[in-house]
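Shown next, in structure tokens, is the structure this report addresses.
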Amino acid sequence: MPLNSSAPPGVATPSRPARLGLILAILATASFVAVLDPYITNVGLSYVGRGVHESSLSDLGRVLSAYAITYAAYLLLGPGLPDRDAAKAAWRLDP
């Protein structure tokens with residue numbers, strides 16, 4: 001393992017390819033879960049129909065579409081919100 005110049009002497013840091021592999025594995029897992037969630041919701045659609053007392057398939061399709069749109073909006077907009085708030089806090093002088 002190569003030594004990083006900013007690390008104290010004698011302390012080894014992980015190599016760059018190992019870190020990139022870990023990052024890739026985390027991103028692949030997160031993508032898999034994000035894609036799997038609507039499929040799980042689709043499988044449970046009959047239970048959702050019983051819960052909201054809907055018998056029409058088109059009404060249940062609307063419930064699933066509303067969930068998918070909301071889920072997609074959170075996936076797109078969610079990560080940027082903490083960054084925006086953190087940037088505001090960084091420029092404030094009073095804590």
Side-chain angles (χ1 to χ4, degrees):
M1 289 206 243
L3 294 178
N4 191 351
S5 61
S6 64
V11 176
T13 59
S15 65
R16 187 174 183 94
R19 272 191 298 218
L20 291 177
L22 177 65
I23 291 171
L24 180 64
I26 291 171
L27 289 175
T29 303
S31 297
F32 176 72
V33 170
V35 169
L36 186 67
D37 184 58
Y39 289 115
I40 292 173
T41 306
N42 198 12
V43 168
L45 197 57
S46 62
Y47 296 109
V48 172
R50 286 186 214 142
V52 295
H53 305 293
E54 293 290 335
S55 59
S56 170
L57 186 59
S58 65
D59 290 338
L60 290 176
R62 289 183 193 143
V63 170
L64 184 61
S65 296
Y67 172 76
I69 290 170
T70 305
Y71 184 70
Y74 281 132
L75 282 177
L76 290 174
L77 301 175
L81 294 177
D83 292 338
R84 187 186 65 189
D85 293 338
K88 286 181 184 177
W91 287 103
R92 273 190 294 177
L93 296 177
D94 56 335

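All values below come from the heavy atoms of this structure, side chains included, with hydrogens, waters and symmetry mates left out. It should be emphasised that the depicted structure is a prediction, and the values quoted were computed from it without experimental measurement.
Put simply, the residue from L24, L22, I23 that forms a side chain to side chain contact (heavy atoms under 4.5 Å, CB included) with I26 is L22. No option in T29, L36, V35 other than L36 meets the side chain to side chain contact (heavy atoms under 4.5 Å, CB included) test with F32.
More than 12 heavy atoms of other residues, nucleotides or ligands shown are found within 6.0 angstrom of OH on Y71.
Under a hydrophobic-cluster definition in which Ile, Leu, Val, Met, Phe, Trp and Tyr are linked whenever side-chain heavy atoms come within less than 4.5 Å, directly or via other members, Y67 and L75 are assigned to the same cluster.
The heavy-atom pair separating L45 from L60 by the smallest distance is CD1-O, 3.8 Å.
Under the 4.5 Å side-chain criterion, counting only non-hydrogen atoms from C-beta, V33 is not in contact with D37.
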